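Quick caveat, the model's predicted, so the values are computed rather than measured. Sequence lines set the chain letters: A, B, ... in the order given, protein chains first and strands last, and positions in each chain run from 1.
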2 protein chains.
Amino acid sequence: MMTELKEKLAENKTLSRVERERFIAMFKAMGNPIRYEMMEYMLKFPGCNTTNIVDHLPIAQATVSQHLKVLKESGLVSGELEGPATCYCLNDENVNWFKETVQKIF
Amino acid sequence: MMTELKEKLAENKTLSRVERERFIAMFKAMGNPIRYEMMEYMLKFPGCNTTNIVDHLPIAQATVSQHLKVLKESGLVSGELEGPATCYCLNDENVNWFKETVQKIF
DNA sequence: CTTATATATCGTAAATATACGATATATGTT
DNA sequence: AACATATATCGTATATTTACGATATATAAG
């Protein structure tokens, strides 16, 4: 019974309104060269902080922070406080959901 | 020898500058609700024309045409002349490249 | 060759995104 | 408590995107 349901869900190509919005927000978040670069950087250096990212990019700290907010809001990235700094990582669960959904939808 | 090379390429997580730009352009193209809807529509109705898409969406023909241009330029969509109309389809080759690249990169 | 149909492009207004400096907030240190 | 460090937010200028009506282009039909 449980397995059947799982299979049904796996085959279902439609997303709920909320899922769809999140899916589109993820595309939008990655559709910017700076944010794409940030994603790559976090993939390479999981747990890096804002300063690391700022040092790696040619843009101001305020702008980095703004882009991080977009990535966080899309769900692709998680930030957790570590003393006065914030450590950033890809949100594996959500990145995997994105990957699975890309395979499922198209 | 050939197999080895293929495996090496399959494992390689880096993209050329051009591939990377195309990858980002595809994210950007799909990161808009109207264009995402268009992609879904073309998936459901391959070979549909601009009029079909215009009738399906709440926006003007000129705007649809503009969005189609973005999708075409990203490579996700192909349009081919059929009389006075243009038939649109997902570009399977490029969509598959996108799907593979998503799996490879993240 | 005129007309009808389908699509693309142009010019432009309005909305949104991007980027920055200045400043606020929040944590750890002395 | 005062200070230093790390990050977020605010206000704002500029760039880009989105959307539209008007118009151009291109094909098929009469």
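Using a 30° and 60° split on the angle between ring planes, Phe98(A) and Phe23(A) fall in the tilted class, from 30° to 60°.
Taken to the nearest 0.5 Å, the CG atom of Asn94(B) stands 13.0 Å off from the NZ atom of Lys99(B).
In this structure, Val95(B) and Leu76(B) approach most closely via the heavy-atom pair CG2-O, 3.8 Å. Between Ala29(B) and Leu71(B) the shortest heavy-atom distance is CB-CD2, 4.0 Å. Residue Ile59(B) comes nearest to Val54(B) through the heavy atom pair O-CG1, 4.3 Å, listed as atom of the first residue, atom of the second, then distance.
Between the NZ atom of Lys69(A) and the P atom of dT25(C) there is a distance of 15 Å, given to the nearest Å. Nucleotide dT27(D) holds its C1' atom 12 Å from the CD atom of Glu82(B), rounded to whole Å. Atom pair Ile59(B):CD1 and dA15(C):P shows a separation of 17 Å (rounding to whole Å applied). Atom pair Asp55(A):CG and dT5(D):C1' shows a separation of 13 Å (rounding to whole Å applied).
Of the possible donor and acceptor atoms, none in the side chain of Glu73(A) sits under 3.5 Å from a partner among the backbone N and O of Val70(A).
Look at Glu100(A) and Lys104(A) and you find no salt bridge, because none of the NZ, NE, NH1 or NH2 atoms lies under 4.0 Å from a carboxylate O.
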Check: protein-nucleotides 6-8 of chain D nitrogen or oxygen pairs below 3.5 Å:
{"from": "dT7(D)", "atom 1": "OP1", "to": "Thr50(A)", "atom 2": "N", "distance (Å)": "3.0"}
{"from": "dT7(D)", "atom 1": "OP1", "to": "Thr86(A)", "atom 2": "N", "distance (Å)": "3.2"}
{"from": "dT7(D)", "atom 1": "OP1", "to": "Thr86(A)", "atom 2": "O", "distance (Å)": "3.4"}
{"from": "dT7(D)", "atom 1": "OP2", "to": "Thr51(A)", "atom 2": "N", "distance (Å)": "2.7"}
{"from": "dT7(D)", "atom 1": "OP2", "to": "Thr51(A)", "atom 2": "OG1", "distance (Å)": "2.2"}
{"from": "dT7(D)", "atom 1": "O5'", "to": "Thr50(A)", "atom 2": "OG1", "distance (Å)": "3.4"}
{"from": "dT7(D)", "atom 1": "O3'", "to": "Thr86(A)", "atom 2": "OG1", "distance (Å)": "3.4"}
{"from": "dA8(D)", "atom 1": "OP1", "to": "Lys72(A)", "atom 2": "NZ", "distance (Å)": "3.3"}
{"from": "dA8(D)", "atom 1": "OP1", "to": "Tyr88(A)", "atom 2": "OH", "distance (Å)": "2.6"}
{"from": "dA8(D)", "atom 1": "OP2", "to": "Ser65(A)", "atom 2": "OG", "distance (Å)": "3.0"}
{"from": "dA8(D)", "atom 1": "N7", "to": "Gln61(A)", "atom 2": "NE2", "distance (Å)": "2.7"}
{"from": "dA8(D)", "atom 1": "N6", "to": "Gln61(A)", "atom 2": "OE1", "distance (Å)": "3.0"}

Tabulated below should be each protein N or O lying under 3.5 Å from an N or O of nucleotides 15-18 of chain D; please produce it.
{"from": "dT17(D)", "atom 1": "OP1", "to": "Lys28(B)", "atom 2": "NZ", "distance (Å)": "2.2"}
{"from": "dT18(D)", "atom 1": "OP1", "to": "Asn32(B)", "atom 2": "ND2", "distance (Å)": "2.9"}
{"from": "dT18(D)", "atom 1": "OP2", "to": "Arg35(B)", "atom 2": "NH1", "distance (Å)": "3.0"}

Would you tabulate the side-chain donor-acceptor contacts of residues 36-48 of chain A under 3.5 Å, counting partners in other chains and residues two or more places apart, or write 'none'?
{"from": "Glu37(A)", "atom 1": "OE1", "to": "Arg20(B)", "atom 2": "NH2", "distance (Å)": "2.5"}
{"from": "Glu40(A)", "atom 1": "OE1", "to": "Arg20(B)", "atom 2": "NH1", "distance (Å)": "2.7"}
{"from": "Glu40(A)", "atom 1": "OE1", "to": "Arg20(B)", "atom 2": "NH2", "distance (Å)": "3.3"}
{"from": "Glu40(A)", "atom 1": "OE2", "to": "Arg20(B)", "atom 2": "NH1", "distance (Å)": "3.2"}

